[in-house]
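Down below is the structure, laid out as structure tokens.
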Amino acid sequence: MKRFIPLCAAVLASLTSYAQKPFQTGNQHWADSVFARLTLDEKIGQLMMPRANFTNQAYDQEKLKGWVRDYKVGGLVWFANQPTRQTAMINELQAISAVPMMMGEDLEWGLTMRLDSAVRYPYALTLGAIRQNDDWFYRMGKQIGEQCRRAGIHINYAPVADVNNNPNNPVIGFRSFGENREEVLRKAKAYMRGMQDAGLITSAKHFPGHGDTDVDSHADLPVINHSRTRLDSLELYPFRELIKHGLNGVMIAHLSIPALDPTPNQASTLSRPIVTDLLRKQMGFEGLIFTDAMEMQGVAKHYPPGVAGVKALLAGNDVLETFTDVPVMFQAIKKALVSGEISQADLDDKVHRILRAKAWLGLDKYQAAPLTNLLQDLNKPTAEALSRRMSEASLTVLKNENGTLPIKNLATAKVAAISVGTPAQGPVKPTAFQSMLMNYLPVDTFQVDIKSSAQQLQAIKDKLAEYDLVVVALHSPFLRSANAWPEANLKLAQSFVGLPNAAYLFFGNPYVLNKLPGIEKSKALVVTYQETTVMQELAAQLVGGGIGANGQLPVTVNQEFKFGNGLRVEPLGRFKYGVPELAGIDSKILNTKLDSIVNQGLQEKAYPGASVVVAKNGMVIFKKAYGTQTYESKQPVRETDLYDLASVTKVSTSILALMRLQDEGKFRLDMTLGEFFPKWKNSNKGKLKMIDILTHQSGLKAWIPFWMTARDSTRESGWKPRTFSNEQSRRYPIAIADHLFLHRRYRRELMRQIEESPVNPKQGYVYSDLSYYLYPQIVEKITGEKWEDYLKNTFYRPMGATTLTYNPRELYALDRIVPTEYDSLFRKELIHGRVHDEGATLMGGISGHAGLFGDANDLAKLYQMYLNGGIYGNQRFISEKTIKQWSSYPFPVEINSRRGIGFDKPDRNKPGLSGPPSASAESFGHSGFTGTFVWVEPKEKMLYIFLANRVYPTRNNSKISKLNTRTQFGEMIYEAIRKSNVPGF
């Protein structure tokens with residue numbers, strides 16, 4: 001926050017006080033000296049910026065070189081391609097140009113508008129939904145400006161300053177910030193200032209205002225029949241105010257505006273009353289004036305290229321842009337100069353202005369843009385973070401009946417998510433929206449598109465009636481205008497409007513809502529304005545309660561949905577999912593370091609695969625799966641795969657339950673074991689205090705090899721009577737392996753062995769599993785509820801942590817459960833979907849010390865609850881006082897150097913032994929024998945989960961410990977936090 005405040009102050013000062021005239025700085029001597037040596041032909045060339053290429057087509061290198069060499073063109077306008085190819089071509093052409101050229105490109109929402117492999121910022125209409133935050137718009141402009149200059153681009157034909165108040169506008173629409181002139185100005189001004197402060201020439205468009213047309217000027221000449229009074233008050237307003245704040249470029253639209261120039265079929269581009277009299281003289285604009293593309297039919301339909309070019313220059317434009325017949329344009333301009341139709345003084349004035357602009361750009365010291373690391377520089381994580389943050393702020397909730405969103409009760413909600421309008425060809429994979437929503441709760445997913453049959457659609461609708469909530473995602477690939485939707489797509493969307501118990505997410509142009517009658521009656525309606533992957537993920541986070549919504553509709557759709565509508569929705573305190581920069585961490589540092597640690601373990605064969613999660617400030621900032629489930633398998637580990645958590649079970653079940661019972665006054669740390677097991681009162685365990693047991697210093701034996709005590713080598717079966725059978729039956733119901741079943745009463749024998757085991761009160765700290773066999777019984781006695789039911793009903797389901805379960809093969813397909821060890825001694829098979837720990841398997845897979853399975857994301861929810869002081873999803877599970885007590889050191893270092901109550905902590909004698917070396921005294925966690933690890937760091941509001949099956953194929957593999965993989969993974973997080981210097985968002 002300390003870094004953020006001065007930045008905002010500087011930005012606000014820049015936005016409010018800036019009014020410098022365009023191009024006042026720069027090497028004016030250079031501009032004058034270049035002008036003095038230019039020939040007439042070279043001066044003509046400076047006025048031309050022809051089209052460099054057609055979208056995604058190869059460059060005609062010889063033609064471009066000929067234009068530069070023979071016609072001395074002053075610049076080029078670039079269209080869709082790959083960044084490295086484009087920049088390489090720019091460098092090659094600049095190298096043969098006597099005067100450095102200005103390179104221009106239409107990059108309204110960033111380089112991704114024309115180039116692949118670049119950061120995608122939201123569309124202007126999307127940004128129009130954001131409530132007051134000029135700093136973000138400024139920073140977006142600054143980032144785009146820096147990206148442009150890095151790629152060799154000097155002019156961005158942006159911002160769009162059109163006030164879009166015509167729902168049928170086929171060319172502006174989503175490219176405008178909206179229908180309100182003040183909002184359009186405010187956002188365009190901040191965006192402009194950011195770009196210009198990055199050394200970019202901007203070109204506000206489309207003067208005098210293209211927002212109220214229903215004709216595309218690419219195809220014809222639109223006519224605007226408003227009065228001068230109306231134009232002054234609305235269309236011209238943003239341009240007038242931008243000029244006052246230092247705008248350095250304007251693009252003229254191809255419009256017929258009788259109130260400004262009554263000449264029939266006269267495009268504003270060719271109108272001296274509009275370009276010179278209005279813009280240059282009345283409005284006092286002193287920057288560069290660019291034509292819109294001279295090949296567009298709005299101008300080309302009525303005049304041949306050369307004639308149109310001459311007329312545009314006579315009208316007052318400085319630069320003719322985007323045309324292909326350079327020789328014709330050149331000859332027409334030269335002919336007009338020779339004949340006196342264009343005066344020498346007018347030509348010189350334009351060329352002087354262009355050269356001053358080039359000096360301001362620093363082209364007097366031109367250097368080629370390096371190709372090395374170009375893509376990395378164009379994709380800085382801070383830019384992605386800002387784009388995400390602005391996208392999130394735009395989410396607009398137009399309806400939310402009875403607080404339908406976010407989903408409140410994850411424990412009982414039966415939810416379906418259907419995506420309407422997405423291609424459903426081939427194997428159907430969940431959409432980005434559906435995949436993200438499944439991070440919050442189990443969701444049944446459906447997809448339909450225009451190829452779905454009527455029978456298929458009806459069958460899905462019938463099925464949807466079974467759900468408490470149906471989240472309908474309406475996808476729209478047609479953004480420009482509501483009228484752009486083909487009839488088939490519109491009918492498909494309309495057919496899913498009006499479903500009972502439905503919440504709608506509309507990923508498209510909000511004007512389309514007017515074509516979806518009945519949608520205003522939905523339980524909830526969210527508009528995201530576009531359907532990028534990021535927008536789909538954010539919408540899902542809104543539904544899941546990870547983020548809120550604060551956007552406002554930037555346009556009026558109809559009487560039901562008007563400009564400014566937008567309900568404020570608060571998040572429910574569940575996980576957000578974002579990039580590290582949103583938590584103040586440099587993702588390049590974090591990702592590189594974490595990948596290196598995990599990949600080293602893979603290379604050293606410390607484990608075949610792993611799944612990890614890192615969360616900071618309540619946000620999952622790193623979530624990734626590595627490797628394969630086994631060394632031989634081709635099945636890659638997925639983020640949703642379940643791992644055997646081993647001893648992490650202790651702090652995820654037993655400690656969890658006991659803390660809750662302490663809060664309820666049903667359990668105390670000063671109680672003795674004899675109070676829970678009366679027949680043990682007079683035994684060697686009767687007076688053992690729970691706090692000593694839970695800190696592993698009560699004298700209990702470390703462990704008992706129960707399965708080995710059941711062996712009898714004198715018997716053919718190899719087992720003692722009433723222990724195991726190779727066939728399942730009523731007497732032997734408990735499956736230990738595919739062909740090994742446990743006697744129904746053997747657990748009594750197990751308890752007897754625990755009861756009779758020795759106690760050594762003088763042994764000091766010895767890590768023991770034995771008490772954890774008892775906690776399920778203790779909890780069941782206190783609560784009257786079965787152990788697993790208690791855990792799931794009280795904790796896991798309300799958190800949405802539904803993969804946390806015992807005996808997962810009863811609920812999940814085996815390919816989603818990661819195998820552990822091949823047990824050649826006891827179970828004689830690969831342990832897959834059953835607990836690895838022998839003692840826990842004798843408990844039917846359900847114990848307080850081992851047996852819990854889960855995926856990394858769900859496990860992280862539980863530990864976020866601990867980190868939050870007992871709260872997750874705005875629901876309190878445990879008191880903050882209790883968590884702090886149990887996660888602290890209860891004893892001096894000389895008595896117990898590393899244990900909290902149940903939790904492991906940094907060893908005070910040997911830093912780095914039990915936790916990351918940089919871990920604070922407040923931190924806590926636990927490790928698991930199978931290769932698992934959890935760690936919570938309150939000081940940094942951080943946690944991480946590390947799940948691996950290091951015991952595959954054998955437990956004798958100890959490389960994960962020798963490499964310190966799990967604690968070093970955490971140490972890299974601490975290091976990334978220390979080294980990062982990311983501005984706030």
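As a basis for the values below, the full set of heavy atoms in this structure was taken, side chains included, without hydrogen atoms, waters or symmetry mates.
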(request) Any chance you could lay out the side chain to side chain contact (heavy atoms under 4.5 Å, CB included) test for H475 and D449, step after step, and finish with the verdict? (result) CA-CA 10 Å; H475 296 264; D449 68 358; over 6 Å; no
(message) Can you confirm if the NZ or CZ of R139 lies within 45° of the ring axis of F985 and under 6.0 Å from the centre of its six-membered ring?
(response)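 So R139 does make the cation-pi contact.
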Identify the heavy atoms of [X] and [Y] that sit nearest to each other, and give their distance.
X    : Y    : answer
Y812 : T802 : OH-O, 3.4 Å
K461 : L499 : CG-CD2, 4.4 Å
S387 : V119 : CB-CG1, 4.5 Å

(message) Taking ring-ring contact (aromatic ring centres under 6.0 Å, His included) as the criterion, tell me which of Y529, Y191, F174, Y121 meets it with W109.
(response) F174
Under the 3.5 angstrom rule, does the side chain of [X] hit a backbone N or O of [Y] as a donor-acceptor pair?
X    : Y    : result
E183 : F177 : no
R568 : V397 : no
Q530 : M535 : no

(message) Taking the ring of F795 and the ring of Y872, is the distance between their centroids below 6.0 Å?
(response) no
Side-chain contact, heavy-atom cut-off 4.5 Å: [X] with [Y]?
X    : Y    : value
R809 : I817 : yes
V471 : F433 : yes
V648 : L859 : yes
N165 : N169 : no

(request) Take N558 and E520 through the side chain to side chain contact (heavy atoms under 4.5 Å, CB included) test and state the conclusion after the steps. (result) CA-CA 11 Å; N558 51 32; E520 70 280 358; over 6 Å; no
(message) Classify the ring geometry of Y467 against F446: parallel below 30°, tilted from 30° to 60°, perpendicular beyond 60°.
(response)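 Y467 and F446: perpendicular rings.
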(request) Would you please classify the geometry between the Y577 ring and the Y440 ring as parallel, tilted or perpendicular, with 30° and 60° separating the classes? (result)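 Ring orientation, 0 to 90° scale: perpendicular.
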(request) Please test E639 against N857 for side chain to side chain contact (heavy atoms under 4.5 Å, CB included), starting from the C-alpha separation and ending with a verdict. (result) CA-CA 8 Å; E639 294 174 4; N857 183 67; over 6 Å; no
Which distance, rounded to the nearest 0.5 Å, do you find between the [atom1] of [X] and the [atom2] of [Y]?
X    : Y    : atom1 : atom2 : value
R574 : Q875 : CZ    : CD    : 8.5 Å
D858 : T803 : CG    : OG1   : 3.5 Å
N489 : K491 : CG    : NZ    : 11.5 Å
K616 : L867 : NZ    : CG    : 9.5 Å
Q536 : T533 : CD    : OG1   : 6.0 Å
L656 : F877 : CG    : CZ    : 9.0 Å

(request) Go through the steps for Q635 and D815 under the test side-chain hydrogen bond (donor to acceptor under 3.5 Å, both in side chains), then give the verdict. (result) CA-CA 8 Å; Q635 173 67 56; D815 69 355; 5.9 Å; no
What residues form a side chain to side chain donor-acceptor pair (under 3.5 Å) with [X], not counting sequence neighbours?
X    : value
Y504 : none
R660 : E664
E487 : none

Will you find, in the side chains of [X] and [Y], an N or O donor that is under 3.5 Å from an N or O acceptor?
X    : Y    : answer
T431 : S419 : yes
D663 : S879 : yes
N164 : Y511 : yes
E581 : S587 : yes
E788 : T805 : yes

(message) Applying side chain to side chain contact (heavy atoms under 4.5 Å, CB included) to L791 and Y806, what does each step give before you reach the verdict?
(response) CA-CA 11 Å; L791 292 170; Y806 290 98; 4.1 Å; yes
(message) Are there over 12 heavy-atom neighbours, none belonging to K576, within less than 6.0 Å of that residue's NZ?
(response)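 Atom NZ in K576 is packed in, count exceeds 12.
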(request) Using a cut-off of 6.0 Å, state whether more than 12 heavy atoms not belonging to K623 lie near its atom NZ. (result)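 Enclosed: over 12 neighbouring heavy atoms sit under 6.0 Å from NZ of K623.
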(message) By the definition side-chain contact (heavy atoms from CB on, under 4.5 Å), identify the one residue from I418, N501, D444, V415 that meets it with V470.
(response) I418
(message) Tell me which one of L525, I519, V512 satisfies side-chain contact (heavy atoms from CB on, under 4.5 Å) with L474.
(response) I519
